[in-house]
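First the structure, in the form of structure tokens, and then the observations on it.
As a basis for the values below, the full set of heavy atoms in this structure was taken, side chains included, without hydrogen atoms, waters or symmetry mates. The first residue of the sequence shown is numbered 1, and numbering continues consecutively from there.
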Amino acid sequence: MSFSSLVSDIAYRNSEKDELRSQVSRARSYASTAATSVSLTGDIKSQLHGGYSHPLARSWQAERQLTKSMLIYPLFISDQPDEETLIPSLPNQHRRGLNRVVPYLTPLVEKGLKSVILFGVPIAPGAKDALGTNADDPKGPVIKAIRLLRRSFPDLFIVADVCLCEYTSHGHCGILRDDGSLNNQLSVERISDVAMAYAEAGAHCVAPSDMNDGRVRAIKLKLIEAGIAHQVVLMSYSAKFSGCLYGPFRDAAGSCPSFGDRRCYQLPPGGRGLARRAIHRDIAEGADIIMVKPASQYLDIISDAKEIGKDMPVAAYQVSGEYAMIHAAAKAGVFDLKAMAEEATQGILRAGATIVVSYFTPEFLDWLDN
């Protein structure tokens, strides 16, 4: 190639490069102009992916981060000291006697378990009667468990469920009239006595779940009269709905009604207005925490509870049927157990709960970092 041809070839190539640079420059200018146009028209707020492209950034999008301190673990305490019986309809859950409870809880507390809620399960012959006498027996399972856990785990927050259904021969949540209907006045008097017995035994929190009208006020007044209202949390099952999600719990606690059902005192599933009224009532009567039960089917009620009690903690109980359904579907290969447990719980938190009563608590102690 002659020198003149080489010069011409180099010049041609340089012109191609100049044209390419010009095209790139025009493209950049166009992109910049387009971006400026988007910004000027206000559409830039539609660009969201950058806000959750990183795992940590995704976690920052949650209004409430699930932590171990949010969880309360339900325990079924048998009056048989050495019992440890698997509940077939409630996967991985057991009834345990007092001799089995501390060895079971010790590794969970070491992993960060902060709170438990106790349900007594009287099994001994003659342990049940029409008045639920064994509910506040000092030798009964709950009071003995409260004292044992206070000694064994000084930092564990102990909640005592307050109801009569496990202790009554008829399985209902109060004292009945001759016609089988609930006697609200006598039931409230009895329930408040049981709550006081648990508080005086050392429970940090009493949680009436019976849904009798006026029981929150009655409990609060007795706590005040006893001079211990300043050190006992009153958590009310304010919006507890009737339905078919309690079956595994009733298998565990032996609390199935011997006749009829609980629809006359638990809320009807469609009763959103009733739930709101019940929440307002319990706040006015002195509840420190309000609870919604069940949880996943009642996210709107959890949201209502947070709106009504905006300055209060809101608890939600993911009940036995919800837990069992997640296990059954995971076993059938519908989804991953951990992923669904986390998703369902995040939904409960998103709705407004700040406390979750969950049978998944032992697993969450392994899954969560804090």
Side-chain angles (χ1 to χ4, degrees), residues 68 71-128 132 134-163 165-168 171 198 201-203 207 209 245-256 317-328 330-331 337 341 357-367:
K68 295 176 183 180
L71 299 167
I72 301 176
Y73 184 38
L75 293 177
F76 299 101
I77 308 297
S78 170
D79 63 357
Q80 306 299 299
D82 294 312
E83 183 181 6
E84 191 166 38
T85 302
L86 181 67
I87 303 157
S89 59
L90 201 55
N92 302 330
Q93 307 302 312
H94 295 72
R95 283 194 304 270
R96 289 185 171 86
L98 291 176
N99 293 342
R100 304 289 186 176
V101 172
V102 171
Y104 173 67
L105 287 182
T106 297
L108 298 183
V109 171
E110 291 172 353
K111 292 178 183 179
L113 178 66
K114 303 297 184 184
S115 180
V116 295
I117 182 168
L118 307 179
F119 298 91
V121 186
I123 296 174
K128 300 187 180 189
N134 199 39
D136 53 356
D137 183 348
K139 297 181 180 179
V142 172
I143 290 180
K144 291 180 73 173
I146 292 169
R147 291 172 174 161
L148 174 64
L149 295 181
R150 285 295 300 261
R151 292 195 305 269
S152 303
F153 308 108
D155 296 327
L156 186 66
F157 188 86
I158 301 166
V159 183
D161 177 84
V162 183
C163 197
C165 60
E166 301 104 312
Y167 305 93
T168 53
Y198 294 164
S209 61
L245 288 171
Y246 303 126
F249 176 94
R250 291 170 184 171
D251 291 343
S255 60
C256 188
Y317 196 147
Q318 187 184 53
V319 300
S320 58
E322 296 173 78
Y323 172 82
M325 285 195 298
I326 292 173
H327 265 276
K331 186 176 181 180
L337 180 69
V357 183
S358 174
Y359 297 97
F360 281 113
T361 297
E363 286 82 0
F364 277 125
L365 297 176
D366 289 325
W367 296 338

Does any N or O in the side chain of [X] come within less than 3.5 Å of the main-chain N or O of [Y], such that one atom is a donor and the other an acceptor?
| X | Y | result |
| --- | --- | --- |
| Asp79 | Ala124 | yes |
| Thr361 | Leu71 | no |
| Lys114 | Val109 | no |
| Arg100 | Glu84 | no |
| Gln93 | Leu90 | no |

Got a second to check how far [X]'s [atom1] is from [Y]'s [atom2], nearest 0.5 Å?
| X | Y | atom1 | atom2 | value |
| --- | --- | --- | --- | --- |
| Tyr73 | Ile117 | OH | CD1 | 13.0 Å |
| Ile87 | Asn92 | CD1 | CG | 10.5 Å |
| Ser115 | Ile158 | OG | CD1 | 8.5 Å |

Measure the shortest side-chain to side-chain distance between [X] and [Y] over non-hydrogen atoms and say whether it is less than 4.5 angstrom.
| X | Y | value |
| --- | --- | --- |
| Leu337 | Ile326 | yes |
| Phe76 | Arg96 | no |
| Pro74 | Val116 | no |

Can you name the closest pair of heavy atoms from [X] and [Y] and give their distance?
| X | Y | result |
| --- | --- | --- |
| Gly120 | Tyr167 | CA-OH, 3.2 Å |
| Pro88 | Leu86 | CD-O, 3.3 Å |
| Ala207 | Val159 | CB-CG1, 3.9 Å |
| Gly112 | Leu365 | C-CD2, 3.8 Å |
| Ser89 | Ala324 | O-CB, 3.7 Å |
| Gln318 | Ser358 | OE1-OG, 3.6 Å |

- Quick one: do Asp161 and Glu166 satisfy side-chain contact (heavy atoms from CB on, under 4.5 Å)? Show the steps, please. CA-CA 11 Å; Asp161 177 84; Glu166 301 104 312; 4.1 Å; yes
- Item | Verdict with reasoning, Leu105 to Leu75, per side-chain contact (heavy atoms from CB on, under 4.5 Å) | CA-CA 10 Å; Leu105 287 182; Leu75 293 177; 3.8 Å; yes
side-chain contact (heavy atoms from CB on, under 4.5 Å) partners for [X], two or more places apart:
| X | answer |
| --- | --- |
| Thr168 | Leu164, His170 |
| Ser78 | Gln80, Glu83, Ile123 |
| Asp137 | Asn134, Lys139 |

- Scan for ring-ring contact (aromatic ring centres under 6.0 Å, His included) pairs involving residues 88-118, sequence neighbours excluded, and state none if there are none.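 Those involving residues 88-118 do not exist here.
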Please output the side-chain donor-acceptor pairs of residues 143-155 that fall under 3.5 Å, not counting sequence neighbours, one pair per line with the distance.
| residue | atom | partner | partner atom | Å |
| --- | --- | --- | --- | --- |
| Arg150 | NH1 | Gly202 | O | 2.5 |
| Ser152 | OG | Leu148 | O | 2.9 |

- Message: Checking Phe364 against Asp366 for the side-chain contact (heavy atoms from CB on, under 4.5 Å) test, could you report, in this order, the C-alpha distance in whole Å, the side-chain angles of both residues, the deciding distance, and whether it holds?
- Response: CA-CA 5 Å; Phe364 277 125; Asp366 289 325; over 6 Å; no
- Message: Under the rule for ring pair (Phe, Tyr, Trp, His ring centres under 6.0 Å), what residues qualify as partners of Tyr323, not counting sequence neighbours?
- Response: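 With sequence neighbours excluded, Tyr323 shows a ring pair (Phe, Tyr, Trp, His ring centres under 6.0 Å) to His327, Tyr359, Phe360, given in chain and number order.
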- Task: Walk me through it: do Val162 and Tyr198 pass the test side-chain contact (heavy atoms from CB on, under 4.5 Å)?
- Result: CA-CA 8 Å; Val162 183; Tyr198 294 164; 3.9 Å; yes
